[in-house]
Q: 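First the structure, which I've put down as structure tokens, then a few questions once you've had a look.
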Amino acid sequence: MAGLAKLDDATGSEGLMAAARDLAAGCLAGSDFACAKMGVALGQAFPGVGSAEGIAAIALMQMGEDCRVTPNDTACYDAAALLHAEERGGADMGAIQRYAATACNRKAYPGCLPVATLPADEGDALERASAHCIAARADGCMTLLALLLKDEERLKSPNALTILQQACAAQIGIACANLGLFYSKGPIAARDDSAARRFMRAGCDGAVAQACFAFAVMHKKGIGGPVDRNRSVELVAHACDLGSAEACETLATIVGDGDASAQPDQDAHALRRRACRLGSGNACSAGTATSTSPV
């Protein structure tokens, strides 16, 4: 994960912000680890914040602080989206208003005055989740999936599946991955292993590490298509490269068991060190312990 390497090497605010931007891409794609590390980078990039000027800078500082406190919170996705605002179609001024107001209520930073003039952010949860998902934000796509997995909520949100399908058609990887989960873990009547495998592949093509790992399991077990052991191992390696600690641990187990014909150059100890660096407490504490491999 490039952002993690930059964070390790960063010595000033500019380097930390560069790391935060790289980690933001992983956060938007659904990596909780990338979200947490992005919050760390932002926290270190704004040590005093006394010199921060402009409402967006104030809001980003507050987003980073809230993200560090609760790494899986919406604040992480709001910060990631703001860091990638130009790529994602512009900044969310409603979100900027909310976070800047929080910061400004604590201290009168330069640039606080315009906060009250910004428009309020309104709209119900489904509309907000749909907008976020279409904007390639994992939090929006995951909210839509959560609605689809609950019988009562699914009836109240008839457009949730359509929005996920539209986002996937727009090559938003996390939307495709969530469709894969819907067709594999959703209501019995909707389950379709072939569709699940197809959408999980699209999610993997969209660089979603979790989708690649799930796609690997499908190849191992023959879910929705033929069994392909070598392809399964290749996909686990790809998921590890994309930043999945679980995939790195699994690959370490495969290599350690001497079952790595598709990955002859991998080293089990190095893979567990990578899994540890990617946030796996088990890999950090167990060191060379062997975990159960699902593939």
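For the single chain, residues carry numbers from 1 onward in sequence order.
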Q: For the side chain of H84 and the backbone of R21, is there at least one donor-acceptor N/O pair under 3.5 Å apart?
A: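 Looks like yes, one N/O pair under 3.5 Å.
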
Q: Would a distance-only check, ignoring hydrogens and angles, find a side-chain to backbone donor-acceptor pair under 3.5 Å from D192 to A195?
A: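 Pair found, side chain donor or acceptor close to backbone of A195.
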
Q: Tell me if the CD atom of Q171 is crowded by more than 12 foreign heavy atoms within 6.0 Å.
A: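 Count not over threshold, so no.
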
Q: Does the side chain of Q266 come within less than 4.5 Å of L271's, by heavy atoms?
A: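 The answer is yes, as the side chains (C-beta and beyond) meet within the 4.5 Å cut-off.
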
Q: Quick one: CG on D139 to CG on D78, what's the gap to the nearest 0.5 Å?
A: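 Separation between the atoms: 7.0 Å.
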
Q: For the atom pair CG (L147) and CE (M142), what is the distance rounded to the nearest 0.5 Å?
A: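 The CG atom of L147 sits 12.5 Å away from the CE atom of M142.
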
Q: Is the C35 SG less than 2.5 Å from the C67 SG?
A: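 Cystine link not detected, SG atoms outside the 2.5 Å cut.
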
Q: State, to 0.1 Å, how close A41 and A20 come at their nearest heavy-atom pair, and which atoms those are.
A: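 For A41 versus A20, the nearest heavy atoms are CB-CB, 3.9 Å.
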
Q: Does R272 reach the side chain of T253, with side-chain heavy atoms less than 4.5 Å apart?
A: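 Heavy-atom side-chain distance check passes, below 4.5 Å.
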
Q: Would you indicate whether the side-chain heavy atoms of M63 and D73 approach each other to under 4.5 Å?
A: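 No. Closest side-chain heavy atoms not under 4.5 Å.
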
Q: Could you check D241 against R274 for salt bridge (charged side-chain N to carboxylate O under 4.0 Å, His left out), going step by step and ending with a plain yes or no?
A: CA-CA 10 Å; D241 289 340; R274 185 189 299 177; 3.1 Å; yes

Q: Under 4.5 Å between any side-chain heavy atoms of S157 and L148, yes or no?
A: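 S157 does not reach L148 side chain to side chain.
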
Q: Under 3.5 Å, is there a donor-acceptor pair between the T102 and Q62 side chains?
A: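 The criterion, which ignores hydrogens and geometry beyond distance, is not satisfied for Q62 and T102.
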
Q: CG of L60 to CD1 of I96: how many Å apart, nearest 0.5 Å?
A: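 Going from CG on L60 over to CD1 on I96, the span is 9.0 Å.
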
Q: Say you draw a straight line from CZ of F182 to CG of L149; how long is it, rounded to the nearest 0.5 Å?
A: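 Taking CZ in F182 and CG in L149, the distance rounds to 7.5 Å.
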
Q: Distance only, no hydrogens: is a donor on one side chain within 3.5 Å (strictly under) of an acceptor on the other, for D66 and Y99?
A: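 Side-chain D/A pair, D66 to Y99: absent.
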
Q: What I'd like to find out is whether the side chain of L235 reaches to under 4.5 Å of the side chain of H219, using heavy atoms alone.
A: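 Yes, close enough: below the 4.5 Å cut-off.
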
Q: Is the closest side-chain heavy-atom distance between M38 and L83 below 4.5 Å?
A: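 Side chain of M38 against side chain of L83, heavy atoms only: contact under 4.5 Å found.
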
Q: As an exercise, state the distance from CG of D267 to CG of L251, rounded to the nearest 0.5 Å.
A: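 The CG atom of L251 is 10.5 Å from CG of D267, to the nearest 0.5 Å.
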
Q: Hey, does L164 have a side-chain heavy atom less than 4.5 Å from the side chain of C141?
A: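 They are in contact (side-chain heavy atoms under 4.5 Å apart), so the answer is yes.
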
Q: Are the side chain of R191 and the backbone of G186 linked by a donor-acceptor contact shorter than 3.5 Å?
A: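 Checking the backbone N and O of G186 against the side chain of R191, a donor-acceptor pair under 3.5 Å is found.
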
Q: Indicate yes or no: at least one non-hydrogen side-chain atom of V227 is less than 4.5 angstrom from one of K220.
A: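 Heavy-atom side-chain distance check fails, nothing below 4.5 Å.
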
Q: Does CZ belonging to R68 count more than 12 external heavy atoms closer than 6.0 Å?
A: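 Buried by this count: over 12 neighbours within 6.0 Å.
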
Q: Let me confirm one number: the OG-CE distance from S184 to M218, rounded to the nearest 0.5 Å.
A: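 Interatomic distance, S184 OG to M218 CE, rounded to 0.5 Å: 5.0 Å.
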
Q: Got a donor-acceptor contact below 3.5 angstrom from the T250 side chain to the E246 backbone?
A: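 At least one qualifying donor-acceptor pair exists.
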
Q: Under the 3.5 angstrom rule, does the side chain of S232 hit a backbone N or O of D228 as a donor-acceptor pair?
A: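 Side chain of S232 to backbone of D228: no pair is present.
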
